[in-house]
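These notes concern the structure reproduced below.
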Amino acid sequence: MPVKKILSLALVALFALSLGACGDKAKGPAEAALKAAEEALNAGKAEAAKLIPDQVAAAEDALKQAKELFQKKDYAGALSAATAVADKAKGLGAAAMAKKDELTKGWEEQAKLLPNMIGAIKSRVDILSKSKKLPEGLDAAKLDGAKSGLAEITKTWDEASAAFKEGALADASAKAKAVKKKAVEIMNTLGMQIPAAAKS
Amino acid sequence: MSDEQKKAPEGDPTDATQWHVVQKGETLSKIAAKYYGDPSLYPTIFEANKDRLKDPNLIRIGQKLRIP
């Protein structure tokens with residue numbers, strides 16, 4: 001084999017080795033960054049998942065992609081992606097706290113409004129059940145519908161209150177929203193006035 | 001009507017108390033017929049408004065009554 005060809009082959013081999021060495025050097029930091037990102041994410045995940053499930057899912061997805069890059073030996077890519085995940089994880093704590101404040105504030109109004117609405121509906125349904133004849137615009141079928149609706153919102157409100165006491169704020173808030181919507185529907189059926197706070 | 005509903009301050013956006021403003025020619029029986037379909041249920045309205053009605057036959061135009 002000519003010397004020139006041997007020398008070029010040696011140069012190519014040296015170059016490939018140096019690339020491999022660089023890759024091996026990048027592997028350690030990438031592995032450490034992935035571990036740190038996973039730990040940061042796991043630290044606050046359980047609590048944050050109840051409040052901001054979409055953001056937590058996005059961070060988990062980003063971690064999965066960072067790991068895939070590592071598996072493909074793209075250590076620079078994995079390092080960059082893991083750093084981004086760690087940043088996301090840091091932001092989750094603050095975002096969860098903000099959401100918690102928002103839900104708690106919203107709950108306070110619902111906790112006043114919804115028992116009032118349920119009480120007013122119950123009172124009206126009880127009276128109409130004693131009536132010899134129903135008012136204009138209301139028939140027996142609609143009244144029965146209002147009674148079933150009342151039972152449903154009473155049950156759901158109890159569940160919402162229990163969820164709030166357990167700290168499941170997102171669940172409590174969603175249930176309260178459903179109660180409000182159904183209560184407005186029932187009040188409209190019965191020809192009742194809707195409280196101002198229920199119109200928003 | 002619950003005690004909370006009776007005590008709820010007017011103007012509170014969370015208050016679900018039902019109100020009726022007395023119109024000319026109305027009686028408690030007519031108001032009961034409007035909301036309940038049954039004029040004989042007028043005592044229910046009277047009971048809910050004992051803080052402002054001394055006599056079920058004496059109501060004034062413009063008077064604001066709770067309708068349970």
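Note on naming: letters A, B, ... go to the chains in the order of the sequence lines (proteins, then strands), and numbering restarts at 1 for each one. Only a predicted model underlies this, so the values are computations on that prediction, with no experimental measurement involved.
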For this session: Check each atom of A:Q110 against the heavy atoms of chain B and say whether the ones under 4.5 Å are side chain, backbone, both or neither.
Result: neither

For this session: Answer yes when A:D126 and A:K122 have at least one side-chain N-carboxylate O distance shorter than 4.0 Å, and no when they do not.
Result: yes

For this session: Please work out whether the ring planes of B:H20 and B:Y35 are parallel, tilted or perpendicular, with thresholds of 30° and 60°.
Result: perpendicular

Exercise. Of all of A:K132, A:K130, A:R124, which one pairs up most often with chain B through heavy atoms under 4.5 Å apart?
Worked result: A:R124

Exercise. Between A:M117, A:M192, A:K199, which shows the greatest number of heavy-atom pairs under 4.5 Å with chain B?
Worked result: A:M192

Problem set entry | Exercise: identify the closest heavy-atom pair between A:A176 and A:W157 | CB-CZ3, 4.1 Å

Exercise. Can you say whether A:L128 sits under 4.5 Å from chain B via the side chain, the backbone, both, or neither, judging by heavy atoms?
Worked result: side chain

Exercise. Is any side-chain heavy atom of A:K50 closer than 4.5 Å to a side-chain heavy atom of A:L169?
Worked result: no

Problem set entry | Minimum-distance pair of heavy atoms, taken over all atoms of B:D38 and A:S131 | CB-OG, 3.1 Å

Seminar exercise, completed: Of the listed A:G191, A:P115, A:P135, the one with the largest count of heavy-atom pairs under 4.5 Å with chain B is A:P135

